[in-house]
Structure formats: C-alpha cells, structure tokens
Amino acid sequence: MRTLLLAVRNLLRNRRRSLATLLALAIGSTSILLFGGYSTNIKYTMQTANVRMGGHLQIQHRDFYQYGSGNPTAYGIDDYQKIIDAIGKDPFLGRAVVVATPTLQFGGIAGNYEAGVSRTIFGIGLIAADHNLMRRWNGLDISLASQPLALERAAADAAIIGTGLGRVLRLCESLHIADCPAPQSEGKPEGQALSDDIAQLSLQDAPSAAPPAGPPRRIELLASSARGTPNVASLQVIQAERQGLKELDDVFVMLQLPQAQRLIYGAATPRATAIMIQLHRAADLAEARSRLTTLLAATAPGRALTTLDFRDLNPFYVQATQLFDTIFGFISMLIGGIVLFTVGNTMNMAVVERTIEIGTLRAIGLRRSGVRWLFVLEGFLLGLCGALAGMLFALAAAAIINHTGLTWLPPGSSVEVPLTLTIWGENRMIIGTTLGLIAVATLSALWPAHRAARMVVVDALRHT
Amino acid sequence: MTEDSEPVAILTAVQKTYFLDSVSVPVIKSVDLLVRHAHFTVLLGPSGSGKTTLLNMIGCVDRPDEGEVVIAGCKVNELTDDKLSDFRAENIGFIFQNFNLLPVLNAYENVEYPLLLAGMSAAKRGARVSKLLDAVGLADKARNLPGQLSGGQRQRVAIARALARRPKLVIADEPTANLDSKTGASILALMRRMQKRYQVSFVFSSHDREVIGAADDTIFLKDGVIRSIRRKSAGDNA
C-alpha cells in the first residue's frame, strides 16, 4: 500500500512528463486496436461471404477438391439425399445446422448462338431456396448486404451468370450490365459458336414457350455428360450477378440443380458433387465436423467421402487472414518497441531526478527490492493507465468511424460494404493488447528500477 | 541511563579509502571510537577530514574497508545488504543537512513512512506520529507537503521521522547548516530535548559553535585520524 501510494504520487508529481508518456502509450494502444478492429472486420466480412456462398462445411468425394475440376462428374455423390436426411435426424447436427444442400459443379462451354460467341465456364447447379437461406446468415454480425437469388422462383431453365460472362456473351443490353461498351476490334462475327446439330439439340431441350420480348437472353450450355458424350442445355439468363473475382465473374453460370443434373447425368441417377452445410454458429464447426465424420461412416460406409471446412475450401481467405495477422503482429511489435523506449526513458529520468530520495529511502531502511518494486510499479501504472486510455480512445474512434457511412470493396466481394471497425466484443484482442502494453511498460521499468536499486546509499545521498 | 551503559557504537581499527579515477584517497585511517549511549556526540574537523565518512559508517550506510563496526551490539560488517537495511530501519534514525523529506508525502506521511516499513498497525502509527508531530511543534502542519513548510519546519519533521521507530542512534549530518542561526538554535534545542526524552544517542557532524557547546562528547578529526576526544561527565551534562 505504501509503495502504491508513493508510486501514484510520484507519477502525479511530474504531470507533464507522465501525461506525455501516457499519451504515447494510449496512442500506441489505440493504433493497435484500430488496426486490429479493421483487420477483424475484414476477416469477418470474408468469412461471412464465404459461409453464405459455400457454407461452413462441405461433404465431398475425398479427391474432388484436388482433382474434381478436371472431371467433376466422376466424383458425384449419388445418395446425397440420404446423407442430408441423416444430418437432419442427428441430435446435434439437427440443431446446429441451418441448411444442408446439394450442389453440382461442372465445367463446360457457354455460347450465345445469335452473337456467335462462346467461352468456357464454371457451372454450379443448386437449390436456390436453400442458398437464399444461406445468404441470410450473419453469425458474425457484419454489415454485409446480400441480395436473394432470383433463381428461387424462376423457371427450370433459368440461369444467373457473372457480369463478366454476360459481357463476353454480348448480353450487356438485355442484362443491363454497366461498363459494357461495344468492342471495336471485332467486326461481324465469323464462324459459329455451335454446330447446327448441337444447336438443334439445345432447342429440343428449350421450353416450348415463346421467348420473351426484347433483347435475347438465351444461351446454350455445352457440357460433357457423365458418359463422356456432349450434352447441351438452352438456358434463359435472368440476371447477371457480379462475382468478387474477375476470373470467376468471367466464367460463372448458376442454374437450378435439376437442370444441371439433367445436363450432366441425363436420365441416370442424379448426383451432387458436394453437400454444403451451414451452421448457426461458427463455434460449432469442430463438433459438427466430428459428428459428420461419424455420420458418414454410418450412412455411407466404404464411400470415399470427406468433410472440408470453409478454410480448406477458400485458401485465399486463409492467406488474407494470415497476411493481416502478420501485419497486426508487425505493427504491435513496432508500437511495443516505441512504448518500451518511451517508458524506459521516462523511468530513467525519474531515477536520475530522484537519486537523493532513493538514497534517503535506503538510509531509512527500504531494501533494494523495495526500491526496485517502487519503480516497476510506476512503470506498471503508466502501462495500465495508458493501455486503458488507449482502449477507450479506440472504442470511441471505432464508434465514430462506424457511423460515418464510409464504404469499401473487400477482396472477393461483389458489393461494397460499410467500413466498420470491429473492436467492441473482441475481448481477446482488447485484453491481449492491454495486457501486452502493460507488460511492455512494466518491462521498460525493469532496467531503471534495477539501476535505482543498485545505487550505493552514500553516493545517492550526495548526488547533486 | 548511567555512564556505565553499554556503548551504542564501537568502531575498531576502521579504515576507508576512496578512489578518484586511479588515485586512492585514504579518508579514514585506522579509527577507534566509542559512542556512548544516550549522549550528544559531535564530530568536528575541517573539510575533507573524514567526518561524513565516519558518520556514514556509524549510520551503517557505508562499510569500512578494514576494521569492525559494532552498533547496538551487532557486528554490522557481517550483515547482508537486506539485513543491514532492516537493521538501519530498526536502530538508526537520520537527519540530513537538506532535510531529505519525501516531497510527495505530507509531514504526517513522512513521519509515518518508517513505521509503515515496520508493518505497525494503523492505530499505533497514528498515535505515534501525532505524538511526535506534537512534540516537534508541528501538529497543525501535519497535512502540509514539505514544499509548504519552512526550512526549520522541515527539519523538525525530519527529527520526528528519525525518532519514529524509537532508534538507539540518530545520525545528523550538519543538521543546522542550511538554517539561519535562530532557527538552527531552536532545532538544536529541540534535538537536545528529544534526545533526553527518548534516551537516544545523537551523533552529529557540525561546524556550528552552538552544537559543539551543547555536545556531551566532542571528537576532533583531521586527515582521517581522531586527534582528540573530549567527553563531558554526568555532572557537566547536568
């Protein structure tokens, strides 16, 4: 108590210097927390986008992730509905899962016959109602707007394509794609995207209803069936949806699952290349994964199925979070270094100024350890007050920034999102930063405290 | 107390040498000294004679290079630094020329500090500090910081602090040097009063004629050697 009293009064004694040191600490703490809040927000935004798009977990053939893009049909899961039913009946998964839905990924060629253009695509067949449910997920409480898929109440041959693909297929006008000037290098299209026999085949597949009025929206999708023969579907593009990455935006086609299954498997048993599983809480992921492994062993014994989480499926997310974590660590280290020298300098000056007092304290019976403890305690108190002030500044600054309405385009996102800093509730980050700075400040005081404690009493007493 | 009481400090063949750069300067050259219990002892001598060094060794804030120092029956040479700190806290009070009060503590807290080190209960501390401040005439200045006190008042607080733990010995290094003659005389009178009241030994270094006149024992030092010791008898003291 006596040491605490002395330490507090000594800090208050040179108010200007203590305040300057506190400010350095507080600014350091604020900077770390603001960047941490920004970094956390990016992580949460990316995670939310990934989970909305592909769920927390996916059940796939063991080799689909590595080799599936070459021949997706070879890795189909035929009894996927049985697995989905089993998930619904599992006591834990039944409660933890928002939705378990089959998807079918495939590759092919999309063409606009009338414009004479075509290109290779990445196709995905899905159940739009399930995906609309997934798009509503906001377990991390992020301001990330998400439009429902127009595919839900659309016709069986409806499709949504990426804006880039719409541009390539000359569907800008009909799909109202912005930033889509007519290319100057090309004249009248030469050659044909599809041969007549395949075009005829696609027309057989098209619904008999008359095409809608206005500019054409119909494309032909050519894919290799499970038997290796070409198959084609005529699709009515109802919307162009911008994908986050240009590479994906230029090739993306989304269609109804039955339509995709008919294209790939024809009359054979329809399959899915993955079962997407979205959880209410990301915290249940490990438990859910474990339960799924058990469940798959019971439901589909002998099948080479595996469970992958959103991190496995989105290496870009992992790389981005690692990058931000590294930058966060680097900034924290830099600020920690600055704090170390600032507090150390303050404490060194205090030791010099109070040399006679140190001698007096020692003369009247304070042990070396008492002197050491006094200065360490002062460093600790500086760290405590500075870090707490920094935390309050950071929370206030975050609240102000979060209300300014600034927006930005996160990596991999198709829409701009509000620029928000996630600090409140990030207890691990707040406590870690606060304790870290307190520890650094205390550490900074160790050497000056040691110097003070080692002073020879008579030398200290005759210090001028 | 009688003349036969055990001495509070016994120094035997004590030597101390300082080194200035590479030059050794012998400050105390084989000194033997006995400080009597509950007496007023003054160390006299010109500058550089070794008064302060000898005082520091009696006060256990410095150690001799050679010889033995026994304070209150304890061979202090053999004590570790921590034990020596505890020993000082318990047995020795200090009064400094520049008062050396802790500037962030008020008069009450300055006197209380040694008692806090002793781990005394709050009630006992309060009673003793109040009594001491009353004895030095500063009961009404208890809440004043040192900066709000005059030089004489600060030295009174320092006297109260030095006596707080009822030490056997009080070391005072030129306690009146920074005071005007009138204040110095009053401080001297106070110390003399307190010395008698608490039956404690005071050892001074001083140039002040009044201090010398008030001393029971006067020790004259020159070039690190005791040249003469004049001791008053009990009759003289009275």
Side-chain angles (χ1 to χ4, degrees), chain A residues 1-19 346-347 349-375 377-379 381-382 385 449-464, chain B residues 16 18 27 52-57 59-63 79-106 109-120 122 125 145-147 158 161-165 167 170-173:
Chain A
M1 183 58 198
R2 64 190 151 84
T3 311
L4 182 66
L5 178 81
L6 258 185
V8 170
R9 298 233 183 128
N10 280 323
L11 288 177
L12 293 174
R13 179 175 173 184
N14 197 328
R15 285 191 170 83
R16 190 177 294 176
R17 190 170 64 209
S18 295
L19 192 66
T346 298
M347 298 312 299
M349 290 201 303
V351 169
V352 172
E353 280 176 7
R354 283 156 51 192
T355 298
I356 294 174
E357 281 174 56
I358 293 164
T360 307
L361 286 169
R362 294 276 289 119
I364 63 179
L366 188 65
R367 289 181 172 195
R368 285 189 198 281
S369 56
V371 174
R372 191 179 292 118
W373 175 229
L374 175 66
F375 282 93
L377 190 60
E378 287 180 30
L381 288 173
L382 274 175
C385 297
H450 179 71
R451 273 184 53 217
R454 298 299 304 171
M455 277 182 188
V456 177
V457 182
V458 285
D459 290 345
L461 285 172
R462 64 170 169 242
H463 180 82
T464 50
Chain B
K16 184 75 182 178
Y18 286 131
V27 184
T52 302
T53 303
L54 194 58
L55 210 56
N56 286 338
M57 286 192 283
C60 301
V61 289
D62 203 356
R63 293 176 190 265
L79 297 178
T80 62
D81 195 83
D82 280 349
K83 295 277 183 197
L84 197 59
S85 296
D86 297 344
F87 182 82
R88 281 197 302 268
E90 200 174 332
N91 296 286
I92 303 170
F94 287 89
I95 299 167
F96 299 97
Q97 182 180 337
N98 292 317
F99 326 123
N100 288 21
L101 298 178
L102 297 173
V104 293
L105 302 182
N106 61 34
E109 290 163 340
N110 262 290
V111 179
E112 186 189 28
Y113 193 81
L115 304 177
L116 280 164
L117 287 179
M120 189 181 277
R125 283 200 315 264
L145 289 170
R161 180 180 68 182
L163 294 167
R165 286 190 73 173
V170 171
I171 302 294
D173 188 9

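Source: prediction; values computed, not measured. Each chain gets a letter, A, B and so on, in the order the sequences are listed, and its residues count up from 1.
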Exercise. Please assess B:D86 against A:R367 for the test side chain to side chain contact (heavy atoms under 4.5 Å, CB included), listing each intermediate value before the final yes or no.
Key: CA-CA 7 Å; B:D86 297 344; A:R367 289 181 172 195; 2.4 Å; yes
Practice problem: Output, in order, the C-alpha distance, side-chain angles, deciding distance and verdict of side chain to side chain contact (heavy atoms under 4.5 Å, CB included) for A:V458 and B:T52. | Solution: CA-CA 10 Å; A:V458 285; B:T52 302; over 6 Å; no
Practice problem: Begin from the C-alpha positions of B:N56 and A:V457 and carry the test side chain to side chain contact (heavy atoms under 4.5 Å, CB included) through to its verdict. | Solution: CA-CA 9 Å; B:N56 286 338; A:V457 182; over 6 Å; no
Quiz prompt | chain B contact via A:L12 - which portion, at a heavy-atom distance below 4.5 Å | solution = neither
Self-check item: Stepwise side chain to side chain contact (heavy atoms under 4.5 Å, CB included) check, B:Y113 with A:L6
Solution: CA-CA 10 Å; B:Y113 193 81; A:L6 258 185; 3.6 Å; yes
Exercise. Select, from B:T53, B:I92, B:L116, the one with the greatest count of heavy-atom pairs under 4.5 Å involving chain A.
Key: B:L116
Practice problem: Measure A:R462 against the heavy atoms of chain B and call it side chain, backbone, both or neither at under 4.5 Å. | Solution: side chain
Quiz prompt | Check: A:R362 side chain, B:V61 main-chain N or O, donor-acceptor pair, under 3.5 Å | solution = no
Self-check item: Nearest heavy atoms of A:R9 and B:N106, plus distance in Å
Solution: NH1-N, 4.4 Å
Quiz item: Can you name the nearest heavy-atom pair linking A:A363 to B:F94, along with the distance?
Solution: O-CE1, 3.1 Å
Self-check item: Contact winner vs chain B - A:D459, A:T360, A:L461, A:V8, heavy-atom pairs under 4.5 Å
Solution: A:T360
Self-check item: Residue pair A:G365 / B:A89: nearest heavy atoms and the distance that separates them
Solution: CA-CB, 3.7 Å
